[in-house]
Amino acid sequence: MDIQQILFTFFGGLGIFLFGLKYMGDGLQKAAGDSLREILNRFTATPIRAIIAGIVVTIAIQSSSGTTVLAVGLVSAGFMKLRQAIGVIMGANIGTTITAFIIGLDIGAYALPILAFGAFLIFFSSKPNINSIGQIVFGFGALFFGLELMGDAMYPLRSLQAFRDLMVNFSTNVPLGVGVGTVFTFIVQSSSASIGILQELYAQGQIALEGALPILFGSNIGTTITAVLAALGGSVAAKRTAASHVIFNLLGTIIILLLLAPFTRMIYAISPILNLNAPMRIAFSHGLFNVSNVVIQMFFIDYLAKVVTKLVPGEDALIEYNSSLDYSIINAVPSVALNQAKLELGQMGDFVVQEYKEMYKYYQRQQDEHLANSLHLEEVVNNIDTRLTEYLMKITVEDLPVKGAIEHSQMMDITKYLERIGDHSENIISNVNEAVKASKKAAKAKGVEPEKIFYDEDLVALFALVEQNIEDAINSFIQDSYSLAGKVLKREKEVNRLEEDIRRKYINRLNKGEGLPSDGILFVDIVSNLERMSDHSVKIAKHALGLRYPFQSKDGKVTSESRHIRAFEGEKE
């Protein structure tokens, strides 16, 4: 086999291996549904639970980096504290060892039949669950087929003196081995791929265990790069999470390298007792290292959190989210659970208002900080929407009094209205961002400073009116305030009038040849989104007034509309 064929076979095998790993993880994730993020969201209250959650999710998606990125995202969005994320990262380090044990199974000869069976399930079944299982099986087969190709490519290298010398160097030069493991894992973005190749080399007798272990431990450092990349440009909390991942893996590697000689002797001693083949010996070493590392460092999670807080200074994220939902009281006291849902709805409303304000600041200043804040808040709103809807659905099966049942229906609706207001904020952010990019590009071509886009006095007034409507609508329901709800309905007339004026004015400008048609489309879209946000605010206000689901009095009769009329006239309750 010539050098070209060796390279083509090796990198082709590596590509198939990585594809198989990703495809299998995607299939596992589909089979698990949307529960993986929820596992991290909900089951991380204590360090032990956080570690277990990290193990479960990593096994499910076959990627410790993917789990770490999820944790970084949840910390950024305010759904997870730093100490919880550190626990998840520790669990991810244990979960990723499962892939090495899978690779250690001697089933490479059956890779092609496994691929065929997986393809059969994918292409000859219309059921989503069967397709997901087919994807898992196909990815499993591709993983082993890629591994076989890499092994075939590396086998002839044993006859090259330079390659043999390099392998011997790894045994005598520990820092070199650690560096190679780190760099290769960073390049391929997969510690599983590094360990798979290492298992093949060791199985073929091309590298000694003393040379393989430093490379193995170096791969644990290389896998932290993904979290670092995910945190770049993120919040302070995200950067601290990534830093804790690096410190945890780096400390673990330093500790094990200091004990490398006794650790190596222990692996040699245990292997015949457990009847471990060569690939399984590497997998066992990897698993023992990561489990020991977690057991040692799990008692120092709080201290590690303090260290990274000092290393990465700055204000915590603007998002502080603490859920009001208690699932344990739904069956026992559904009326209290409904009250907690209302508190959660108020918190969701606060985040929607924050998102709107950050979006408005981005329109005014076009600074990336406000763009990032708005997008983070949108993620928080979507997560609360999912949680709150699930919580309200669980309350549905309980017996509620008439007024409670009506309030429950209202909250189901209002949750969706708030989520849609958040979506419209995201739409406006997207429009402004698109215009900002176009403005910067045009300014750069002309060699001038970019201008502020879409500035219009009437549009600024519309932003202010809609913001007031959103705030008053939310407060009208949370505070049971008829006067605030009435103000929203009265203000809506001004919103509609202003929206029509802006549209007419901008269309006239375009007809006169002022401005670009593409800018006009984005501008009108911004106005439309603002008008829809105000419409959703009106729907919330109507719920507060009882016009969409009329409130019931204690005797079961519908209350008089006179209070609503007084609200329209601006009188206090």
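Below, all heavy atoms of this structure are taken into account, side chains as well, without hydrogens, waters or symmetry copies. Note that the coordinates shown come from a computational prediction; the quantities given were computed from them, not determined experimentally.
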[X] (side chain) donor-acceptor with [Y] (main chain) under 3.5 angstrom:
{"X": "His408", "Y": "Leu392", "result": "yes"}
{"X": "Asp472", "Y": "Leu484", "result": "no"}
{"X": "Ser409", "Y": "Ala405", "result": "yes"}
{"X": "Arg240", "Y": "Val312", "result": "yes"}

#### Entry: Ionic contact status for Arg504 with Asp501, cut-off 4.0 Å
yes

### Residues Arg532, Asp423: salt bridge by 4.0 Å N-O rule
no

Any idea which heavy atoms bring [X] and [Y] closest together, and the distance?
{"X": "Glu419", "Y": "Met348", "answer": "N-CE, 3.8 Å"}
{"X": "Ala341", "Y": "Leu388", "answer": "O-CD1, 3.8 Å"}
{"X": "Ser476", "Y": "Ala541", "answer": "OG-CA, 4.0 Å"}
{"X": "Leu82", "Y": "Ala305", "answer": "CD2-O, 3.8 Å"}
{"X": "Gln366", "Y": "Val432", "answer": "CG-CG1, 4.5 Å"}
{"X": "Ala92", "Y": "Thr58", "answer": "CA-OG1, 3.1 Å"}

### Message
Does Lys416, at its NZ atom, have more than 12 non-hydrogen atoms belonging to other residues, nucleotides or ligands within less than 6.0 Å?
### Response
yes

### Query
Any chance OH of Tyr391 has more than 12 other-residue heavy atoms, nucleotides or ligands included, within less than 6.0 Å?
yes

Is there a side-chain contact between [X] and [Y] (heavy atoms, below 4.5 Å)?
{"X": "Leu545", "Y": "Leu489", "value": "yes"}
{"X": "Leu338", "Y": "Met411", "value": "yes"}
{"X": "Arg491", "Y": "Gln468", "value": "yes"}
{"X": "Tyr417", "Y": "His543", "value": "yes"}
{"X": "Leu121", "Y": "Asn131", "value": "no"}
{"X": "Asn475", "Y": "Ser481", "value": "no"}
{"X": "Glu358", "Y": "Leu371", "value": "no"}
{"X": "His370", "Y": "Ile429", "value": "no"}

### Query
Just one of Glu499, Arg503, His424 clears the side chain to side chain donor-acceptor pair (under 3.5 Å) bar with Ser528, so which one?
Arg503

### Task
Apply side-chain contact (heavy atoms from CB on, under 4.5 Å) to the pair Phe463 and Ile526, showing each step before the final yes or no.
CA-CA 10 Å; Phe463 267 110; Ile526 290 171; 4.2 Å; yes

### Message
Once ring pair (Phe, Tyr, Trp, His ring centres under 6.0 Å) is applied, do any residues pair with Tyr23, and if so which ones, sequence neighbours excluded?
### Response
Phe19, Phe138

### Query
Among all residues two or more places apart in sequence or in another chain, which pass the ring pair (Phe, Tyr, Trp, His ring centres under 6.0 Å) test with Phe248?
none

Measuring from atom [atom1] of [X] to atom [atom2] of [Y], what distance do you get when rounded to the nearest 0.5 angstrom?
{"X": "Glu457", "Y": "Leu459", "atom1": "CD", "atom2": "CG", "value": "11.0 Å"}
{"X": "Ile540", "Y": "Ile478", "atom1": "CD1", "atom2": "CD1", "value": "9.5 Å"}
{"X": "Ser430", "Y": "Leu375", "atom1": "OG", "atom2": "CG", "value": "9.0 Å"}
{"X": "Ser244", "Y": "Leu304", "atom1": "OG", "atom2": "CG", "value": "5.5 Å"}
{"X": "Glu434", "Y": "Asp525", "atom1": "CD", "atom2": "CG", "value": "9.5 Å"}
{"X": "Glu492", "Y": "Glu494", "atom1": "CD", "atom2": "CD", "value": "10.5 Å"}

Do [X] and [Y] pair up side chain to side chain, a donor and an acceptor below 3.5 Å, judged on atom types alone?
{"X": "Thr389", "Y": "Asp385", "value": "yes"}
{"X": "Asn93", "Y": "Asn249", "value": "yes"}
{"X": "Asn433", "Y": "Tyr362", "value": "yes"}
{"X": "Asn382", "Y": "Glu378", "value": "yes"}

### Task
Would you check, one step at a time, whether the test salt bridge (charged side-chain N to carboxylate O under 4.0 Å, His left out) holds for Lys357 with Glu471?
CA-CA 11 Å; Lys357 289 180 177 179; Glu471 288 184 334; 3.2 Å; yes

### Working for side-chain contact (heavy atoms from CB on, under 4.5 Å), residues Leu345 and Leu418
CA-CA 9 Å; Leu345 189 67; Leu418 290 175; 3.8 Å; yes

### Query
Can Lys306 and Asp302 be said to form a salt bridge (charged side-chain N to carboxylate O under 4.0 Å, His left out), step by step?
CA-CA 6 Å; Lys306 290 177 183 177; Asp302 288 337; over 6 Å; no

### Query
Would Ile89 and Thr241 count as a side-chain contact (heavy atoms from CB on, under 4.5 Å) if you check the C-alpha gap in whole Å, the side-chain angles of each, and the deciding distance to 0.1 Å?
CA-CA 9 Å; Ile89 288 167; Thr241 306; 3.9 Å; yes

### Task
Let me see the working for Thr396 and Met412 under side-chain contact (heavy atoms from CB on, under 4.5 Å), right down to the final yes or no.
CA-CA 10 Å; Thr396 304; Met412 288 289 288; 5.6 Å; no

### Query
Does the salt bridge (charged side-chain N to carboxylate O under 4.0 Å, His left out) test come out yes or no for Glu407 and Lys342, once each step is laid out?
CA-CA 9 Å; Glu407 192 169 21; Lys342 191 168 185 178; 3.2 Å; yes

